[in-house]
Every structure is written in structure tokens, then in C-alpha cells.
Amino acid sequence: MAGTVDARLAELGIEIPTPASPAANYVPFVRSGNLVFVSGQIPMVNGKIEGVGVVGKDLTTDDARKIAEICAKNLIAQAKAACDGDLDKVARVVKLGGFVRCTPDFTEQPEVVNGASDLMVAVFGDKGRHARFAVGTNALPRGVAVEVEAVFELA
């Protein structure tokens, strides 16, 4: 039944953006067999970088969780491109990897990356449940607070 995921997005009031072009020498996703590996997505909104700062200094855990959700929308945009526009082809969100730019004493990386994880489950239901990592780092591209990558399985 085509359009089930799109209907769910509409029900949730979530708009999936146009996928961003890569900023360097890489591709936004690679399809290998039934798996789609999506390059790390930063919080781009309407072509502009959002969510710049250091979590635990400039941003709260909740601020960063919302930034991770923006990254997840961008991941879904890339997955949609890999599925030729049909998100119903996503059989499973296999894995998310979250990077959080934070102070050395910050320990709530899992709570931050929940912003991306929660969105995947909200959009894809049980197919959105995934393996994951969430790590802290001292720097991310363009000074953003969060970057998230993903692996999707296609039917």
C-alpha cells in the first residue's frame, strides 16, 4: 500500500526536506544490496545550517535533542531519494550513529540522539526500531552540535 509512510508523516505534521547535496567528495548515500548507508546528516533547514554550538555549554540536552530530530528528517530525505520517492520501500531502520559536540563532562549523549531515534520510531513504527551508538566529540563539521548517520534496509 504505497503512501503509508507519507500518510504517517502528514498525520504527525512532519515535512521531509529536499535532500541536501554533499559538501565534499562523497555521496549522500550508497545502496549495497538491500541496504542503504546514508552519510552523516547535519541540521540543515532550508539550505541553512542550524544547531551550531557545544552541548553542555551553549545548548541544553533538550536543545540538542531537537537538533538530532532535524538530522533525522534529513536522513529520511536521503532514504526517500534512495527509494525513488517511496518510503514504503523501507523495510527497517537498521542502525543510527549519533555524534554530539559537547563539553568533556557532558554524559547525556544517548538522550540527545533519542531525538533521532524517537522520530524514526514515530515515522516507521516497529520498522523504525534500530541498533545505535551515541558518542561525544569535541568538534563536528561547520560547528554543528549534532550529526547522525543511518543504515536502512529496503524491501
Side-chain angles (χ1 to χ4, degrees), residues 1-10 12 14-53 55 64-102 106 108-155:
M1 181 186 214
T4 303
V5 175
D6 286 331
R8 181 71 180 142
L9 287 165
L12 294 169
I14 296 171
E15 244 183 83
I16 298 302
T18 301
S21 298
N25 188 18
Y26 65 93
V27 293
F29 62 84
V30 170
R31 185 167 177 178
S32 180
N34 286 347
L35 296 178
V36 175
F37 297 81
V38 180
S39 296
Q41 298 294 299
I42 61 174
M44 293 283 289
V45 177
N46 297 321
K48 295 182 181 166
I49 295 174
E50 301 278 330
V52 172
V55 185
R65 186 193 60 72
K66 292 172 186 163
I67 294 165
E69 186 175 302
I70 294 169
C71 295
K73 289 176 186 176
N74 292 329
L75 288 167
I76 294 170
Q78 296 294 353
K80 188 171 186 173
C83 294
D84 299 319
D86 185 1
L87 284 170
D88 288 351
K89 291 181 182 176
V90 172
R92 176 128 203 162
V93 179
V94 177
K95 186 173 183 179
L96 293 184
F99 302 91
V100 180
R101 181 176 175 221
C102 58
F106 184 79
E108 296 180 351
Q109 293 85 357
E111 289 84 352
V112 169
V113 180
N114 278 346
S117 293
D118 292 347
L119 184 74
M120 293 299 174
V121 174
V123 170
F124 295 104
D126 281 342
K127 295 189 282 186
R129 298 193 183 284
H130 51 271
R132 187 181 88 176
F133 69 80
V135 297
T137 185
N138 66 325
L140 286 172
R142 312 295 183 247
V144 299
V146 181
E147 179 176 359
V148 185
E149 66 176 21
V151 179
F152 295 86
E153 179 186 8
L154 304 184

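One-based numbering along the sequence shown. In this text, all values refer to a predicted model and were calculated from it rather than measured experimentally. Values below: all heavy atoms of this structure, side chains included; hydrogens, waters and symmetry mates excluded.
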Derivation and outcome, side-chain contact (heavy atoms from CB on, under 4.5 Å), residues Ile67 and Val144: CA-CA 9 Å; Ile67 294 165; Val144 299; 6.0 Å; no

Check your understanding: For Gly97, does its backbone N or O pair with a side-chain atom of Glu147 as donor and acceptor, under 3.5 Å?
Key -> no

In terms of heavy-atom contacts, Val148 and Cys71 come closest through CG2-CB, 3.8 Å

With Ser117 as partner, the option from Arg129, Arg132, Glu69 fulfilling side-chain hydrogen bond (donor to acceptor under 3.5 Å, both in side chains) is Arg132

**Request:** Ignoring hydrogens and angles, tell me if any N or O in the side chain of Arg65 forms a donor-acceptor pair with the backbone of Glu111 under 3.5 Å.
**Result:** no

Is the backbone N or O of Ile42 less than 3.5 Å from a side-chain atom of Asn74, with the two atoms forming a donor-acceptor pair by type? yes

If you define the side chain from C-beta out and look only at heavy atoms, does anything of Leu119 sit under 4.5 Å from Ile76? yes

**Request:** With side-chain contact (heavy atoms from CB on, under 4.5 Å) as the test, would you mind laying out the steps for Glu149 and Leu96 before giving the verdict?
**Result:** CA-CA 6 Å; Glu149 66 176 21; Leu96 293 184; over 6 Å; no

Distance col, row Arg142:CZ vs Met44:CE, nearest 0.5 angstrom, shows 9.5 Å

| query | Are Phe152 and Lys89 close enough that some pair of their side-chain heavy atoms sits under 4.5 Å apart? | reply | no

**Asked** Looking only at atom types and distance, does a side-chain atom of Arg8 sit under 3.5 Å from a main-chain N or O of Phe124, one as donor and one as acceptor?
**Response** no

Notebook entry, point to check: Do Gln109 and Cys102 have side chains that get closer than 4.5 Å, going by heavy atoms?
Noted result: yes

Rounded to the nearest 0.5 Å, the OG1 atom of Thr18 sits from the NZ atom of Lys80 at a distance of 9.5 Å

For Ala20 and Pro28, the nearest pair of non-hydrogen atoms, with its separation, is O-CB, 4.4 Å

So do the side chains of Val90 and Leu154 get within less than 4.5 Å of each other, counting heavy atoms only? yes

Exercise for the section: Could you go through the side-chain contact (heavy atoms from CB on, under 4.5 Å) check for His130 and Val94 one step at a time? Expected result: CA-CA 5 Å; His130 51 271; Val94 177; 6.0 Å; no

Note to self: Are the side chains of Lys73 and Ile14 in contact, using a 4.5 Å heavy-atom criterion?
What the structure shows: yes

